Amino acid sequence: MDFQIALLLGQDGLTNGAIYALLALALVLVFAVTRVIFIPQGEFVAYGALTLATLQAGKLPATLWLVVVLGAAVAAIDGARALRHGSARRLPRILALNLAAPLALWLLLAGVDPAGLPLAAQVLLALAIVVPLGPMIYRLAYQPIAEAPVLILLIVSIAVHLVLTGLGLLFFGAEGTRTPAFTEGALDLGFTSLQYQTLWILLISAALIVGLYAFFGRSIYGKALRATALNRTGARLMGISTTLAGKLSFTLAALIGAFSGVLISPITTLYYDSGFLIGLKGFVGAIIGGLVSYPVAAAGALLVGFLEAYSSFWASAYKEVIVFTLIIPVLLWRSLGARHTEEEE
Amino acid sequence: MTVRPVLLEAKDLSVSYGKVEALHKVGLTIREGEIVTVIGPNGAGKTTLLSCLMGLLPGRGEVVYAGRALGGDVEVEERVGLGLTLVPEKRELFADMSVGDNLLLGAFDRHRRGDGGIRETLAEVYDIFPRLRERAEQTAGTLSGGERQMLAMGRALMAKPKLLMLDEPSLGLAPLIIREIFRTVSRLRGMGVSVLLVEQNARAALQVADYGYVLETGEISLAGPGAELASDPRVVEAYLGLGGKR
Ligand SMILES: Nc1ncnc2c1ncn2[C@@H]1O[C@H](COP(=O)(O)OP(=O)(O)OP(=O)(O)O)[C@@H](O)[C@H]1O
Ligand SMILES: [Mg+2]
């Protein structure tokens, strides 16, 4: 391997690693706040990318139907609940968020030809369709069993993942798609060249990570999420509802997932089921951080990115094996560490 | 003296852990701007009573707060919005967050309702507990026991409650700080806040309280104005002792 190739692989590793880092952060967030191991994270990556591709092809993405149907279900359940408890004043908000908003989106899309819109508008539309699925799935699948043990929540996660993958095949077919780069072409640095899309990915991932950092460090809602993760009862006593925190963390996770899909679809062909492997690599990063530490999770995810890139050069057939084998020493080291802390107590 | 309007009334309140009944048909009235104390031995059900009133535990019976029935469907978060605040026995602080952030989150519900004046409340809390201002940047988990109590109390005050429920606020504190805490409690009365105070320190509690209840094995065994209870021979014998054992 010469210097040129090493640089190219490093570029690959860094871009993929940045995406894995975003997903790892989302996984840590969801687990810390809700104790859900969010296996369907990867589906949001695929849905984001494929929804964008469908819009660019000038068609109505089937994810739009999903958001309308799930929204109606949430509106029916929450609406009935509000009426039963005599709090009809909550009704307008419930209906507006879950029924009116998806329908408005549908009307909007029925009225314009999405293929003719500028890329930024298409991206926004794709996010507007896919992101609300996050809190809706939380409401329907997780909220009723929010107090269940982690294992039960994990089983539900696997079920949600399977359903979403199946729906993905139904919605988008088995064909893979790529979307055009945000900016075509490459930057010539002399010793190597850098695709503009790679720059976009690095810039936007960095911006998102900084944004998340500021959100958790400065805004009161970010602090409320951290508080729920630290002490659920304490948070409830402050009026921070576990449900609100759950929905908020799922919204962020869905946003991060869908945005990641939009970012990488110009450099990777994505299929309806590609999300799973991508999400799993983020998961390896999150595990390195013990599902609790954000910086270690992000660093771990970058490591996964580099490991994947370089192993694809030396042992291309085994690259997934190598990446996922990483988890074994990590778990060993983690379990040894855990035993030490228990002894200390 | 005019009789103040009732803020909270509980009737025939029972709470069970599985088959074991920890509270049996408890009745309790708290008027606006009044300090009511519940004293009783360990395991009597005092914490259980507060948890149930706050909505943390389901109970049977009737609770009416500010003219509104608080049934099982009214979640903790909603009760916070109605002006109920609990300083729980275990304090439940956010250990890895700074003292300042803990206090800020005490006002989370006010913030969400768009209530201004959170800054002013923070300044007031810092005036009551200057120690917290000095430690604003420190993480809550590293505070001393007494400082933690102050933080729990300060965080509750940040919510500007109508009814503040305190579960043994003097637990493990030095006498000087206990006096400070009780002074704060009496000051709250002046501000129109009602306080439901659960205490082991029966003497101090009955001194500040307008009305008191004695809870024993899940049932109210005695009730009366604070001063009357303090001189009741049964209370003196069981809770005050001759030399003030407690
Ligand atoms: N989660 C629980 N499960 C089963 N029993 C419980 C539970 N919590 C409390 N109890 C029991 O209910 C009874 C009342 O407990 P509670 O904590 O309300 O007492 P307390 O009056 O606050 O006592 P203390 O003064 O020691 O704080 C006790 O007998 C206790 O063992
Ligand atoms: Mg107790």
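Computed from a prediction, not measured in an experiment: that's the story for all the values here. First the proteins, then the strands, lettered A, B, ... as listed; each starts at 1.
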Is there a salt bridge (Lys or Arg N to Asp or Glu O under 4.0 Å) between B/Glu78 and A/Arg90? Walk through the geometry before answering.
CA-CA 13 Å; B/Glu78 204 173 327; A/Arg90 287 208 206 116; 3.1 Å; yes
Steps toward side-chain contact (heavy atoms from CB on, under 4.5 Å) verdict (A/Met238, B/Glu77)
CA-CA 7 Å; A/Met238 305 298 105; B/Glu77 299 83 11; over 6 Å; no
Report the residue from A/Leu244, A/Ile240, A/Ile220 that forms a side chain to side chain contact (heavy atoms under 4.5 Å, CB included) with B/Arg112.
A/Leu244
Would you say CZ of B/Arg131 has more than 12 non-hydrogen atoms from neighbouring residues, nucleotides or ligands within 6.0 angstrom?
no
Do A/Thr233 and B/Leu56 touch side chain to side chain, with heavy atoms closer than 4.5 Å?
yes
Report which part of A/Arg81 has an atom under 4.5 Å of a heavy atom belonging to chain B: side chain, backbone, both, or neither.
side chain
Would you check if B/Met97 and A/Leu230 make a side-chain contact, meaning some heavy-atom pair closer than 4.5 Å?
yes
Check the surroundings of atom OH in A/Tyr213: do more than 12 heavy atoms from other residues, nucleotides or ligands lie under 6.0 Å from it?
no
Does some side-chain heavy atom of B/Leu104 sit less than 4.5 Å from a side-chain heavy atom of A/Lys223?
yes
In terms of heavy-atom contacts, does CZ of B/Arg119 have more than 12 from other residues, nucleotides or ligands at under 6.0 Å?
no
Considering all heavy atoms of both residues, which atom of A/Gly234 and which atom of B/Phe94 are nearest to each other, and what is their separation?
C-CZ, 3.6 Å
If you count heavy atoms of other groups shown closer than 6.0 angstrom to CZ of B/Arg187, is the number above 12?
no
Search all heavy atoms of B/Leu105 against all heavy atoms of A/Ala227 and return the closest pair with its distance.
CD1-CB, 3.6 Å
Taking side chain as C-beta onward, heavy atoms only, is B/Pro88 less than 4.5 Å from A/Leu237?
yes
With a 4.5 angstrom heavy-atom cut-off, could you sort out which part of A/Ala229 is near chain B: side chain, backbone, both or neither?
neither
From the list B/Asp96, B/Leu86, B/Asp109, the residue making the most non-hydrogen contacts under 4.5 Å with chain A is B/Asp96
Thinking salt bridges, do B/Glu75 and A/Arg236 make one under a 4.0 Å N-O criterion?
yes
